[in-house]
> 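Attaching a single structure in structure tokens format; questions to follow.
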Number of protein chains: 2
Amino acid sequence: MSSVDLTVPPLSDRKVSILEAAAALFAKYGYAAVSIRDLAREIHTTPAALYHHFPDKGAIYAAALRHVFSDPAKALETVLKGDDAPDVALERLIVWLTQQFSDNPVLARLVQRELLAGDRDRLSLLTEDVMAAPFREIERLMHRLAPARDASLSAASIIALVMGYVQLTPVLEVLTGERNTKQHLRDFAAHAKDLVLHGLLAQPQPGAHI
Amino acid sequence: MSSVDLTVPPLSDRKVSILEAAAALFAKYGYAAVSIRDLAREIHTTPAALYHHFPDKGAIYAAALRHVFSDPAKALETVLKGDDAPDVALERLIVWLTQQFSDNPVLARLVQRELLAGDRDRLSLLTEDVMAAPFREIERLMHRLAPARDASLSAASIIALVMGYVQLTPVLEVLTGERNTKQHLRDFAAHAKDLVLHGLLAQPQPGAHI
DNA sequence: ACTACCTGAACGAACGTTCAGTTAGGAGCT
DNA sequence: AGCTCCTAACTGAACGTTCGTTCAGGTAGT
């Protein structure tokens with residue numbers, strides 16, 4: 001389906017430590033702004049040593065993406081797999097999503113940078129490794145919660161709402177003078193739950209074409 | 001308040017054409033990935049000529065940001081200044097926001113890149129020149145629409161929802177097989193309006209701490 | 001002796017930036 | 001009208017630095 005090689009040979013400890021440092025740097029500064037020498041300095045080695053493990057800079061970035069993107073998809077299932085009532089599951093989901101985006105800035109920033117870069121192959125990787133499984137689970141929950149709605153649109157709206165809000169946090173701190181980001185994000189999660197719950201349970205406006 | 005110089009001397013036509021090409025390139029590829037030679041080639045001149053108009057690359061980027069960020073704040077007022085009923089105003093707002101983010105990729109991408117970069121001074125510029133006026137207007141509308149809600153949280157949620165959704169568009173095209181992006185975004189705008197309207201009009205869950 | 005891992009030094013290319021010199025066009029004077 | 005003077009705009013070439021990458025050689029464990 002995708003042209004990206006998804007078969008991942010097991011990584012040595014050394015490679016993992018390289019990729020984790022690389023992911024952190026690329027997430028923070030972007031691909032072009034991180035040099036091989038920067039990365040080598042970060043893990044106390046030399047540029048040439050990196051070329052013993054990877055053929056070039058692009059391969060380091062691609063492997064770092066795969067390494068970071070391979071983890072998080074599994075975690076969601078434990079969040080949603082319980083047979084809670086839909087509204088309870090929705091609350092758990094939104095809290096989990098909010099924490100995921102705010103507590104894992106490396107993943108969140110790499111996702112944002114990939115969305116900005118727009119490379120087709122790497123977007124497929126992002127879609128399949130990170131987005132697909134959570135999206136399908138959220139779609140199922142949305143179908144249970146509001147069968148009359150377009151579940152895809154509802155699921156995408158939830159992800160968009162949480163991702164966008166976490167991105168806006170620094171601007172909101174300036175606009176509202178809010179300082180306690182942790183509490184602020186908890187308030188947002190409660191607000192978002194209410195918004196989605198009541199917004200989707202109200203009967204849809206049929207044929208309301210804009 | 002901000003340490004960024006906001007006094008903008010009038011720009012010559014030449015400078016404007018440089019800044020518009022620069023904004024497009026920086027938006028598409030990012031600051032570090034665009035060289036002075038790339039920019040010079042784009043507008044059929046030489047690197048040295050650019051240094052006649054701007055002291056260095058950073059100044060070109062800063063001026064391009066100011067140039068792009070100075071326009072859009074005014075447009076929102078005409079969208080909201082009419083004394084429509086709140087629900088009609090909300091629909092107009094969401095449609096306008098969605099179009100703004102999708103039809104003006106240079107602005108949208110520069111905003112996203114600034115959010116990622118996180119530079120304090122430039123975030124202040126972004127906040128004051130782009131975000132503040134729309135945010136206050138949306139806050140006022142939210143207060144009219146749902147006085148029992150936290151207007152700041154509601155306003156931020158709307159911006160986050162639209163911004164996040166437009167960002168996710170390429171991934172959603174893969175996930176749902178959707179191809180007609182224009183129609184797709186219209187459907188989203190209708191969905192978002194319903195979500196916010198009914199989600200905020202339902203009585204809030206008092207003290208629902210998570 | 002073989003392999004995995006690493007080093008120091010260097011390669012050419014591209015980077016941001018500078019600079020002496022050239023061009024074009026208008027203002028002021030005769 | 002012609003002439004001088006001035007300035008803004010630009011050019012070609014070069015500067016020192018950093019970039020991604022290579023390579024001959026070295027070290028340590030099996």
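Just so it is clear, the structure is predicted and the values come from calculations on it, not from any experiment. Numbers restart at 1 for each chain; the letters A, B, ... are given by sequence-line order, proteins then strands.
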> What is the separation between atom CZ on B/Phe54 and atom P on C/dG16, rounded to the nearest whole Å?
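Between P of C/dG16 and CZ of B/Phe54: 16 Å.
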> For D/dT11, does OP1 or OP2 lie under 4.0 Å from any side-chain N or O of B/Thr46?
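Yes, within the criterion.
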> Answer yes or no: is there a side-chain heavy-atom contact under 4.5 Å between A/Phe69 and A/Glu128?
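No; the side chains remain at least 4.5 Å from each other.
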> Can you list, pair by pair, the side-chain donor-acceptor contacts under 3.5 Å of residues 157-166 of chain A, counting residues two or more places apart and other chains?
unit_1	atom_1	unit_2	atom_2	d
A/Ser157	OG	A/Leu153	O	2.8
A/Tyr165	OH	A/His184	NE2	3.0

> Within this structure, what is the CZ-to-C1' distance between B/Arg41 and C/dA14, rounded to whole angstrom?
11 Å
> Considering just the side-chain nitrogens and oxygens of B/Arg14, establish if one lies under 4.0 Å of OP1 or OP2 belonging to D/dA8.
no
> Can you tell me the distance, in whole Å, between the CG atom of A/Asp13 and the P atom of C/dA4?
17 Å
> Whole-Å distance between C/dC5 C1' and A/Ile18 CD1?
11 Å
> Could you check how far NE2 of A/His53 sits from C1' of C/dC6, rounded to whole Å?
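My rounded result for the distance is 8 Å.
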> Under a 4.0 Å threshold between the charged nitrogen and the carboxylate oxygen, would A/Asp84 count as salt-bridged to A/Arg92?
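Yes, this pair counts.
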> Mind calculating the distance between NE2 (B/His52) and P (C/dG21) to the nearest angstrom?
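For the pair B/His52 NE2 and C/dG21 P, the rounded distance is 18 Å.
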> In this structure, how many angstroms lie between the C1' atom of C/dC6 and the NZ atom of A/Lys15, rounded?
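Going from A/Lys15 (NZ) to C/dC6 (C1'), I get 15 Å.
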> Please pick, from C/dT7, D/dT11, D/dC10, the nucleotide with the shortest atom-to-atom distance to any side-chain atom of A/Thr45.
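For the A/Thr45 side chain, the nearest candidate turns out to be C/dT7.
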> Once salt bridge (Lys or Arg N to Asp or Glu O under 4.0 Å) is applied, what residue pairs with a partner in residues 95-118 of chain A remain, sequence neighbours excluded?
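Passing the test, one end in residues 95-118 of chain A: A/Asp103-A/Lys182, A/Glu114-A/Arg122.
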> Quick one: which protein N/O atoms are closer than 3.5 Å to N/O atoms of nucleotides 20-25 of chain D? Pair and distance per line, please.
unit_1	atom_1	unit_2	atom_2	d
D/dG20	OP1	A/Lys57	NZ	2.9
D/dG20	OP2	A/Ile36	N	2.8
D/dG20	N7	A/Arg37	NH1	2.8
D/dG20	O6	A/Arg37	NH2	2.9
D/dT21	OP2	A/Tyr51	OH	2.6
D/dT21	OP2	A/Lys57	N	2.9
D/dT21	O5'	A/Tyr51	OH	3.2

> Is there a side-chain contact between B/Glu20 and B/His67 (heavy atoms, below 4.5 Å)?
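A side-chain contact under 4.5 Å exists here.
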> I'd like to know if A/Asp87 pairs up with A/Lys193 as an ion pair, taking the criterion as any Lys NZ or Arg NE/NH1/NH2 lying under 4.0 Å from an Asp or Glu carboxylate oxygen.
no
